[in-house]
Amino acid sequence: MIDLTTTRYTAKEIVDKRKTIYTEICSSSDNLDGGNLTRISTVDLELLMGLYDQVFFNDWFKNNFKGQLKFSLSRRMTKTAGKTISLRNIANIKDEDIVLEIRISVEILFKYGELEGLKTVGGIATKNSVEALQLVFEHEICHVIELLYFKETNCSQQRFKTMANHLFGHTESHHNLTTPNSVAQQKCGFKIGDTVSFAYNAKKITGVICNINKRATVMVSDKKGTYTDQQGKRYAKYYVPIVLLER
């Protein structure tokens with residue numbers, strides 16, 4: 001039985017294995033065809049995990065993991081491309097009762113082609129959204145492995161970075177993919193901190209952008225507002241479509 005925390009592949013082995021999985025997933029799934037990801041299901045994620053287990057891990061998960069690995073998709077994750085979820089008391093849970101969940105952001109993957117420019121995950125350049133999905137998935141697999149072996153995980157720590165590099169050649173722990181924030185900034189010129197105006201109930205309201213997801217979150221000075229800053233000034237919060245904002 002291999003030790004997933006000490007396994008190390010050469011750069012060529014990683015590229016070849018990743019390409020094998022890419023070819024198989026694109027041919028096996030009706031959703032992941034030709035690299036252009038326009039739809040996806042949790043079945044695709046299950047298939048992807050099975051391929052990684054077979055190609056990279058010699059069926060380690062199939063033969064040794066006694067718990068449950070779940071998969072989900074999210075449209076609410078607009079900054080993070082992937083997330084691994086576990087109970088905080090995992091160290092006190094029996095192996096057969098462990099439940100881990102890999103959640104993937106479809107909001108980010110579906111926006112892959114909306115902006116030009118180099119898109120990287122884990123320091124590795126991608127050509128399309130399926131390649132991006134693979135690299136995001138690899139990052140989450142490393143979280144799963146670290147949780148199973150050490151009962152905790154942190155991708156900013158050296159242990160995680162070393163494992164991600166040895167298994168998948170990752171050199172960074174973040175992604176540079178298209179997000180609603182980057183679309184708003186590049187296409188519309190808006191960014192967090194900008195002062196903007198918008199129409200509301202036939203009035204023009206002015207405020208400051210404090211967040212950008214599918215819509216911009218704009219904080220507007222309002223004596224009756226339910227939000228306060230450190231100086232005690234009160235604000236009302238508005239969620240405004242980017243196209244309705246003016247400088």
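Atoms considered below: every heavy atom in the structure, side chains included; atoms not considered: hydrogens, waters and symmetry mates. Just so you know, these numbers come straight off a predicted model, no measurement behind them.
With rounding to the nearest 0.5 angstrom, the CD1 atom of Ile21 is 12.5 Å from the CD atom of Glu131. Once rounded to the nearest 0.5 Å, the distance linking CD of Glu246 with OG1 of Thr206 reads 9.5 Å. Residue His139 holds its NE2 atom at 9.0 Å from OG1 of Thr80, rounded to the nearest 0.5 Å. Taking NE2 from His175 and NZ from Lys119, the interatomic distance works out to 12.5 Å, rounded to the nearest 0.5 Å. Here the OG1 atom belonging to Thr6 is positioned 10.5 Å from the CE atom belonging to Met163, to the nearest 0.5 angstrom. Atoms OG1 and CD, on Thr178 and Glu114 in that order, are 7.0 Å from each other to the nearest 0.5 Å.
Grouping the Ile, Leu, Val, Met, Phe, Trp and Tyr side chains by contacts below 4.5 angstrom, directly or via other members, places Ile108 with Leu37. By the criterion of side-chain heavy atoms lying less than 4.5 angstrom apart, applied directly or through intervening Ile, Leu, Val, Met, Phe, Trp or Tyr residues, Leu244 is grouped together with Val196 in one hydrophobic cluster. The hydrophobic cluster containing Phe137 also contains Tyr22, counting ILVMFWY residues as joined when their side-chain heavy atoms lie under 4.5 angstrom apart, directly or transitively. Cluster annotation: Val15 and Leu135 are assigned to distinct hydrophobic clusters (Ile/Leu/Val/Met/Phe/Trp/Tyr, side-chain heavy-atom contacts under 4.5 Å, transitive). Both Leu69 and Phe150 are part of a single hydrophobic cluster, where members link through side-chain heavy atoms under 4.5 Å apart.
More than 12 heavy atoms of other residues, nucleotides or ligands sit less than 6.0 Å from atom OH of Tyr149.
Residues Tyr238 and Ile205 form a side-chain contact, since some pair of their non-hydrogen atoms from C-beta on lies under 4.5 Å apart. Val43 is not listed as a side-chain neighbour of Leu47, based on a closest heavy-atom distance of 4.5 Å or more. Using a 4.5 Å heavy-atom cutoff, the side chains of Thr217 and Ile212 are not in contact. Arg159 places a side-chain heavy atom less than 4.5 Å from the side chain of Glu152.
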* Kindly determine whether Leu133 and Leu48 satisfy side-chain contact (heavy atoms from CB on, under 4.5 Å), including the steps that lead there. => CA-CA 10 Å; Leu133 169 62; Leu48 198 56; 4.1 Å; yes
field: Residue pair Thr5, Ile145: steps toward the side-chain contact (heavy atoms from CB on, under 4.5 Å) verdict
entry: CA-CA 7 Å; Thr5 64; Ile145 293 172; 4.2 Å; yes
- For His166 and Leu4, run side-chain contact (heavy atoms from CB on, under 4.5 Å): C-alpha distance rounded to whole Å, both residues' side-chain angles, the deciding distance at 0.1 Å, then the answer. CA-CA 10 Å; His166 288 179; Leu4 302 184; over 6 Å; no
Mind running salt bridge (charged side-chain N to carboxylate O under 4.0 Å, His left out) on Lys191 and Asp194 for me, showing each step along the way?
CA-CA 6 Å; Lys191 63 182 184 299; Asp194 283 349; 3.2 Å; yes
Start with the C-alpha gap between Leu148 and Trp60, add the side-chain angles, then the distance that decides, and say whether side-chain contact (heavy atoms from CB on, under 4.5 Å) holds.
-> CA-CA 12 Å; Leu148 292 179; Trp60 186 94; 4.1 Å; yes
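Taking the ring pair (Phe, Tyr, Trp, His ring centres under 6.0 Å) definition, one finds that His170 meets it with Phe168, sequence neighbours left out. Looking at residues two or more places apart in sequence or on another chain, you find no ring pair (Phe, Tyr, Trp, His ring centres under 6.0 Å) involving Phe71.
With Ser29 contributing its side chain and Ile25 its backbone, the two residues share no donor-acceptor pair below 3.5 Å. A donor-acceptor pair under 3.5 Å is formed between the side chain of Ser27 and the backbone N or O of Glu24. Proximity of a side-chain donor or acceptor of Asp44 to a complementary backbone N or O of Ile40 within less than 3.5 Å is not detected. Distance alone, capped at 3.5 Å, is enough to place a donor-acceptor pair between the Asp53 side chain and the Phe61 backbone. In terms of modelled atom types and a separation under 3.5 Å, the side chain of Asp229 and the main chain of Lys233 share a donor-acceptor contact.
Across every non-hydrogen atom of Leu177 and Ala132, the tightest pair is CD2-CB, 4.0 Å. Taking every heavy atom of both residues into account, Val220 and Gly207 meet most closely at CG2-CA, 4.0 Å. Nearest approach of Met219 to Cys210, heavy atoms of both residues: CG-SG, 3.6 Å. Nearest heavy atom pair, residue Ile124 against residue Gly169, reads CD1-O, 3.8 Å. For the pair Ser72 and Leu45, the tightest heavy-atom approach, listed with the atom from each and the gap, is O-CD1, 3.7 Å. Contact record, Ala164 with Cys142: CA-SG, 3.7 Å, taken as the closest heavy-atom pair.
Thr120 and Glu172 are not linked by any side-chain donor-acceptor pair at a separation below 3.5 angstrom, with hydrogens and angles left out of the test. No side-chain donor-acceptor contact under 3.5 Å links Tyr112 and Asn128. No side-chain donor-acceptor contact under 3.5 Å links Arg234 and Thr228. For the 3.5 Å distance criterion, the side chains of Ser74 and Ser105 fail to qualify, holding no donor opposite an acceptor. In the model, Asn154 has no side-chain atom that pairs as donor or acceptor with a side-chain atom of Lys161 under 3.5 Å. Side chain to side chain, Glu146 and Thr153 meet the donor-acceptor criterion of an N or O pair below 3.5 Å.
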Quick one: side chains of residues 81-97, donor-acceptor pairs under 3.5 Å with protein atoms, not counting sequence neighbours, listed by atom name and distance.
residue	atom	partner	partner atom	Å
Thr84	OG1	Glu140	O	3.4
Thr84	OG1	Glu140	OE1	2.7

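In this structure, the ring of Tyr52 has its center no less than 6.0 angstrom from the ring center of Phe57.
Under the 6.0 Å distance and 45° angle rule, Lys17 counts as a cation-pi partner of Tyr9.
Applying the side chain to side chain contact (heavy atoms under 4.5 Å, CB included) test between Lys70 and each of Glu46, Glu101, Arg103 identifies Glu101 as the sole match.
Using a cutoff of 4.0 Å between basic side-chain nitrogens and carboxylate oxygens, Glu138 and Arg18 are scored as salt-bridged.
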